2 protein chains.
Amino acid sequence: MPRSGDVVPDATVERLPLYHQALVELARTGETTVSSVKLAELAGVNAAKVRKDLSFLGSYGTRGVGYDVDFLTIQVSRTLGLTGDSSVVIVGFGNLGQALAKYGGFADRGFPVVAIVDADPTKVGTAVKETDGVVVQHVDELAKIVRSQGVAVGVIATPAESAQSAADALVGAGVQSILSFAPVVLDIPETIPWRKVDLATELQILSFYQARSGSLQHPA
Amino acid sequence: MPRSGDVVPDATVERLPLYHQALVELARTGETTVSSVKLAELAGVNAAKVRKDLSFLGSYGTRGVGYDVDFLTIQVSRTLGLTGDSSVVIVGFGNLGQALAKYGGFADRGFPVVAIVDADPTKVGTAVKETDGVVVQHVDELAKIVRSQGVAVGVIATPAESAQSAADALVGAGVQSILSFAPVVLDIPETIPWRKVDLATELQILSFYQARSGSLQHPA
DNA sequence: TATTGCTTGTTCTCAAATTCACAAACACGG
DNA sequence: CCGTGTTTGTGAATTTGAGAACAAGCAATA
């Protein structure tokens, strides 16, 4: 019987946000309980997998009934460490950086963008109205910003060539995790978790399954 | 001995774009051959895994020497179905849609954005200079656009509520694969491969590993 | 042509993840 | 209070993936 002290498998961790998202949606529509079958449908996975995943957090369901939406939401949030907002700083104010800054999807889900930096002095001073008028600052200010604003997450939106120096700056400034959109492997200390999102890579993976068209559906 | 007719494992497919990226970079810097160790380093994976992955495409290396960069690039491209450009249409011209349209990273890697559509008539007519002046059209034109321009990929950048109707429109219009940024599970025919990228989900996964700080590094 | 050194391709073993299948447990109605 | 129907939680079996280890094979050199 897995208890909260036990390890949560990586594969499960990657799915917890899906459940969280589905639970928030259920709460919004007024549902008070949910079965593993329903939750599986909303998250796009298999019901047995949902039950096994949730069992790693503890025994929070009621047999014959299902899971309490609000209670389970809290447990999933707690496991993911989603207690309160985590401030984000974006490094790089090119097209992608501007895009991410204006995109509201971060703040909506508890990750407000509180600062933007760039190495180009001509970009410093620009205000982004979509993020409450955050003003672009110079990358040299990074350490000061992270400390004073308590920034937890750094997002790298620089060109590939500058990504490593951006990472170094973020690590030096003291952020606790990094999300990179640059298509390069970064050298980052083991103590700081980081992930890479590469949009072109996603399209190339699709390309493969499209070429094999019909024969195989993409794995969820 | 795996041959090109055999199945390529899903896990391998997800890494092929990384190798492709690394190979392109090697070619750019003038390297003509590369070892599995070097390629592994550039892609951020284990060397044994590189060799095993590549062996699914065929026996394209030379023992004692390594892989020919140009030749291997061609083989990886062919396996991924990256023969020539694949046109992309973006559905949704809100913040994220505009962001993606202006972001040059798609075209650079063989996925030019040739059209943008939105359901809001007030947005129709806007030109995006970053993508050679592509003009936003109404979503009702989608089928015509896809047919006339030979669009292969649809990118969904709408709010979550509109994502399913966007997907339906794309499927009806005849696109061959779909990349969605909306945080919902889509109902799409098995014949059309699709993937979901959710930026907030990425941050939430990081949140977990950050909470478990230091004890576990995120799996690549 | 024989030897040496290096790197691939593949086999083998182990670990992780998925899926099935079902007993255990609860609510509810009679 | 008992039986029924439903849904969880979890062993067990299966599939998939990771990594180590090494024989096979090629180039280069003398």
Side-chain angles (χ1 to χ4, degrees), chain A residues 1-4 6-16 18-19 23 26 31-69 71-72 75-76 79 205 216-220, chain B residues 1-4 6-16 18-19 22-23 26 31-69 71-72 75-76 79 205 209 216-220:
Chain A
M1 178 202 307
R3 281 284 151 209
S4 45
D6 289 24
V7 182
V8 180
D10 290 335
T12 296
V13 172
E14 304 237 333
R15 283 187 294 267
L16 288 180
L18 303 181
Y19 306 148
L23 288 166
L26 283 165
E31 303 287 326
T32 59
T33 60
V34 63
S35 69
S36 60
V37 172
K38 176 74 175 171
L39 196 50
E41 186 186 326
L42 289 172
V45 302
N46 171 298
K49 203 170 347 189
V50 169
R51 290 198 297 276
K52 182 149 282 190
D53 282 341
L54 294 181
S55 79
F56 287 110
L57 314 193
S59 253
Y60 297 137
T62 305
R63 298 177 194 223
V65 178
Y67 301 89
D68 182 90
V69 171
F71 185 72
L72 188 57
Q75 298 310 323
V76 173
T79 304
I205 295 171
L216 271 184
Q217 167 64 348
H218 165 70
Chain B
M1 177 202 305
R3 281 283 151 211
S4 45
D6 288 23
V7 183
V8 181
D10 290 334
T12 296
V13 172
E14 305 237 332
R15 283 186 295 267
L16 288 180
L18 303 181
Y19 304 148
L23 287 166
L26 284 166
E31 303 288 327
T32 59
T33 60
V34 63
S35 70
S36 60
V37 173
K38 176 73 176 171
L39 196 49
E41 186 186 326
L42 289 172
V45 303
N46 171 298
K49 208 180 327 196
V50 169
R51 291 198 296 276
K52 188 176 278 190
D53 283 341
L54 295 181
S55 79
F56 286 112
L57 314 191
S59 256
Y60 298 137
T62 304
R63 296 177 196 224
V65 178
Y67 302 89
D68 180 272
V69 171
F71 185 71
L72 188 57
Q75 299 309 323
V76 173
T79 305
I205 295 171
Y209 290 104
L216 270 184
Q217 165 66 346
H218 165 69

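Note on naming: letters A, B, ... go to the chains in the order of the sequence lines (proteins, then strands), and numbering restarts at 1 for each one. Keep in mind the model is a prediction, meaning the values are calculated, not measured.
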For the side chain of [X], starting at C-beta, report the closest nucleotide among [options].
X        : options                  : value
Ala48(A) : dC20(C), dT7(C), dT8(D)  : dC20(C)
Lys52(A) : dT18(C), dA21(D), dT8(D) : dT18(C)
Ser55(A) : dT10(D), dA20(D), dG9(C) : dT10(D)
Tyr67(A) : dT8(D), dT11(C), dT10(D) : dT8(D)

Got a list of protein N/O to nucleotides 14-17 of chain C N/O distances below 3.5 Å?
residue : atom : partner  : partner atom : Å
dA17(C) : OP1  : Ala11(A) : N            : 3.4

> Does OP1 or OP2 of dG17(D) have a side-chain N or O of Asn46(B) closer than 4.0 Å?
Replying inline: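 No, outside the criterion.
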>> Quick check on dT8(D): is either OP1 or OP2 less than 4.0 Å from any side-chain nitrogen or oxygen of Ser36(A)?
In response: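 Indeed, a polar side-chain atom of Ser36(A) lies that close.
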Tell me the interatomic distance from [X], atom [atom1], to [N], atom [atom2], rounded to whole angstroms.
X        : N       : atom1 : atom2 : result
Glu14(B) : dA18(D) : CD    : C1'   : 15 Å
Asp53(B) : dT16(D) : CG    : C1'   : 13 Å
Phe56(B) : dA18(D) : CZ    : C1'   : 11 Å
Leu54(A) : dT18(C) : CG    : P     : 14 Å
Arg51(B) : dA24(D) : CZ    : P     : 16 Å
Leu72(B) : dT8(C)  : CG    : P     : 11 Å
Asp68(B) : dC26(D) : CG    : P     : 16 Å

Quick one: side-chain contact (heavy atoms from CB on, under 4.5 Å) partners of [X], sequence neighbours excluded?
X        : result
Ser35(A) : Val37(A), Lys38(A)
Ala48(A) : Asn46(A), Arg51(A)
Leu23(B) : Leu26(B), Val34(B), Leu39(B), Val69(B), Leu72(B), Thr73(B), Val76(B)

> Just by protein heavy atoms under 4.0 Å, how would nucleotides 25-30 of chain C read 5' to 3' in B, S and -?
Replying inline: BBS---
Could you tell me which non-hydrogen atom of [X] sits nearest to which non-hydrogen atom of [Y], and how far apart they are?
X        : Y         : value
Val7(A)  : Phe56(A)  : O-CD2, 4.1 Å
Asp53(B) : Arg15(B)  : OD2-NE, 2.7 Å
Glu14(A) : Ile205(B) : CA-CD1, 3.9 Å
Tyr67(A) : Gly61(A)  : CD2-CA, 3.4 Å

> Of Leu57(A), Leu42(A), Val45(A), Thr12(A), which meets side-chain contact (heavy atoms from CB on, under 4.5 Å) against Tyr19(A)?
Replying inline: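 Result for side-chain contact (heavy atoms from CB on, under 4.5 Å) with Tyr19(A): Val45(A).
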> Should Asp10(A) and Tyr209(B) be marked as a side-chain contact (heavy atoms from CB on, under 4.5 Å) after you check the CA-CA gap, both sets of side-chain angles, and the distance that decides it?
Replying inline: CA-CA 10 Å; Asp10(A) 290 335; Tyr209(B) 290 104; 2.6 Å; yes
> Hey, what bend do you get for the helix from dT1(C)-dA30(D) to dG30(C)-dC1(D) if you fit axes on five pairs at each end, rounded to 10°?
Replying inline: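 Angle reported: 10°, given to the nearest ten degrees.
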